[in-house]
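Keep in mind that this is a model prediction, so the values were computed, not measured. Every heavy atom of this structure was used, including side-chain atoms; hydrogens, water molecules and symmetry mates were not.
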Amino acid sequence: LVGWAGSTDSGDQATLSWAPSDKAWQAVSVGSDECPGANRCPMGKVCFAELARQRAQAADVIVVNMHLYGLHVGTGGMILPDHEVVVIDEAHQLEDIMSDTVGVQIAGGRFTALTAALKRVLDDPAVVAPIGEAPTRVRDALRAHVGERLPTPYPADVQEMLVDVRGRIEKAQSALRAIDTDVEDAKARKLRAQQLATRLQETIDSALSGREGYVSFVSGGPEYPRLEIAPLAVGEVLANGIWAQRTAVLCSATIPTSLGSRVGLPAAEFDELDVGSPFDYERHALLYCAVHLPDPRTPRFATAVHDELAALITAAGGRTLALFTSWKAMDAAAEKEAVVVKEGTTP
């Protein structure tokens, strides 16, 4: 990864020809929760994220996924540059995705990330170890409530767990504030750890405050449960975060008729158009699900998909438009199909 970082123009994991482990990627990347900002980071001038942000500032059109736009709305417009128009494709997903990204969650993984950040700047087991043990504390308190909506105030075991882990974070914060150094790299590590700790404390405070208009529930499984706090309705958030600030175009093949009211669009201030479709789906469409393919997480999946795609293209006599979820997957399939065509096994 370090060698690749010296040659890539984007730092985008999707451009890798192989998949690094989560642990390896976390060791060389910094999430938004711990990024101290370009001006306070010694790597700010060469940071791939900052370079991408600079390119976005100069662009006329910016393309992002809906989750990133949701984070932009949730942070009060801190991620993307100013823009006058937003076009939201697959708008039938807008309500659910905004609820996920505008809300917050508490899970063991956040404490694991904080532990790693603390270890980079603190050598005090009495401070770091309690944070490292917090994921187990979180799991034990939440696992009995998986799949449940939590009342306000929370059940005693959940309430006590949140107060406990917040105290552990505060102890780490005190240790971080006591660090006094002129070494730039050490300063950056301290800032990253402080930001992670502060964001996690803010999330815990949000959970403990029982915010009106939000619902708390436990998702995930018994081994990796997470407490989620999401808005009951995203209309007000979107009204202030998008509709009041810019022109918006929402499009999808399956927009429900009630979407406008559910996402906070003023009833008399938007136009709705259903253009239908000239295609006769009933007579000219067939839904086929390749349920025999291996698990997508196994090494055999890519080869099986390519073989299946070749068979379907052959059955269709060519005439195929294939859609992919990433450039990497498309390039791999194109390369495979080029070999198949060269060998003469498909038209």
Sorted by chain and residue number, the side chain to side chain donor-acceptor pair (under 3.5 Å) partners of R139 (sequence neighbours excluded) come out as none
| When the aromatic ring centroids of H72 and H67 are compared, is their separation below 6.0 Å? | no
Q.
Has T203 got a side-chain atom pairing as donor or acceptor with R199's backbone, closer than 3.5 angstrom?
A. yes
Checklist entry - How about L227 and Y154: do any of their side-chain heavy atoms sit closer than 4.5 Å? => result yes
Heavy-atom closest pair (K187 atom, T181 atom, distance to 0.1 Å) is CE-O, 3.1 Å
task = Report yes if the side chains of H145 and P225 come closer than 4.5 Å at any heavy-atom pair, otherwise no.
result = no
Separation between CD (E148) and CG (L142), nearest 0.5 Å, reads 10.5 Å
Under a side-chain separation threshold of 4.5 Å, the hydrophobic residues clustered together with L286 are none
(message) Using the rule that Ile, Leu, Val, Met, Phe, Trp and Tyr join whenever any side-chain heavy atoms are under 4.5 Å apart, tell me whether W243 and L80 fall into a single cluster.
(response) yes
One should read off an interatomic distance between L250 CG and F270 CZ, to the nearest 0.5 angstrom, of 9.5 Å
*Say whether, by atom type as modelled, one donor and one acceptor occur between the side chain of T320 and the main chain of G318 under 3.5 angstrom.*
yes
Note: G210 and T152 closest approach over all heavy atoms is CA-CG2, 4.1 Å
| request: Could you check if a side-chain atom of S216 sits within less than 4.5 angstrom of a side-chain atom of E228, using non-hydrogen atoms only? | output: no
Determine whether Q159 and L208 make a side-chain contact, defined as any pair of heavy atoms from C-beta on separated by less than 4.5 Å.
yes
Checklist entry - Looking only at side chains, do T303 and R300 share a donor and an acceptor under 3.5 Å apart? => result no
Practice prompt. Please check if the side chain of R110 supplies one atom and the backbone of A107 the other of a donor-acceptor pair under 3.5 Å.
Written response: no
Is R262 paired with E95 through a side-chain N to carboxylate O contact shorter than 4.0 Å? yes
Pairing donors with acceptors under 3.5 angstrom, does anything connect the side chains of T198 and Q173?
yes
- Message: Checking the side chain of T112 only, and the main-chain atoms of G108 only, is there a donor and an acceptor separated by less than 3.5 Å?
- Response: yes
Rounding to 0.5 Å, atoms CZ (R137) and CD1 (I131) come to a distance of 13.0 Å
- Query: Hey, are the side chains of V165 and M161 touching, using non-hydrogen atoms and a 4.5 Å cut-off?
  - Reply: yes
### Task
Examine L259 and V87 and state if one hydrophobic cluster contains both, with Ile, Leu, Val, Met, Phe, Trp and Tyr joined whenever side-chain heavy atoms are less than 4.5 Å apart.
no
Rounding to 0.5 Å, atoms CD1 (I88) and CD (E90) come to a distance of 12.0 Å
One should read off an interatomic distance between L118 CG and L176 CG, to the nearest 0.5 angstrom, of 5.5 Å
Would you check, one step at a time, whether the test salt bridge (Lys or Arg N to Asp or Glu O under 4.0 Å) holds for D205 with R166?
CA-CA 8 Å; D205 290 342; R166 195 194 187 286; 2.6 Å; yes
Exercise for the section: Check for a donor-acceptor pair, side chain of H284 on one end and backbone N or O of D280 on the other, with a separation under 3.5 Å. Expected result: no
**Prompt:** If we only count heavy atoms from C-beta on, is the L323 to M330 side-chain gap below 4.5 Å?
**Reply:** no
Under a single-linkage definition using a 4.5 Å side-chain heavy-atom cutoff for Ile, Leu, Val, Met, Phe, Trp and Tyr, are I204 and V163 assigned to the same hydrophobic cluster?
yes
query: Do side-chain atoms of T115 reach the backbone of F111 as a donor and acceptor pair under 3.5 angstrom?
result: yes
Subject >> Note: R143-E223 ion pair, threshold 4.0 Å (strictly below) >> reply: yes
Closer than 3.5 angstrom, by distance alone: can the side chain of T8 be matched with the main-chain N or O of A5 as a donor-acceptor pair?
no
#### Entry: Centroid separation H83 to Y69 less than 6.0 Å
yes
Problem set entry | Audit row: E308, Y288, side chain to side chain donor-acceptor pair (under 3.5 Å) steps and yes/no | CA-CA 12 Å; E308 187 75 9; Y288 168 69; 2.5 Å; yes
Contacts of A49 meeting side chain to side chain contact (heavy atoms under 4.5 Å, CB included) (sequence neighbours excluded), chain-then-number -> C47
Q. Is the closest side-chain heavy-atom distance between S174 and K171 below 4.5 Å?
A. no
The reported gap from CG in L293 to CZ in F301 (rounded to nearest 0.5 angstrom) is 6.0 Å
Got a donor-acceptor contact below 3.5 angstrom from the R149 side chain to the V218 backbone?
no
| message | Strictly below 4.0 Å, N to O, side chains only: are R168 and E170 in salt-bridge contact? | response | no
Has the side chain of D123 got a donor or acceptor atom that lies under 3.5 Å from a matching backbone atom of K119?
-> no
Measuring only between side-chain heavy atoms, which start at C-beta, is M66 closer than 4.5 Å to L94?
yes
Between A24 and L1 the two heavy atoms that sit nearest each other are O-CD1, 3.8 Å
ask   = K328 side chain to T15 main-chain N or O, any donor-acceptor pair under 3.5 Å?
value = no
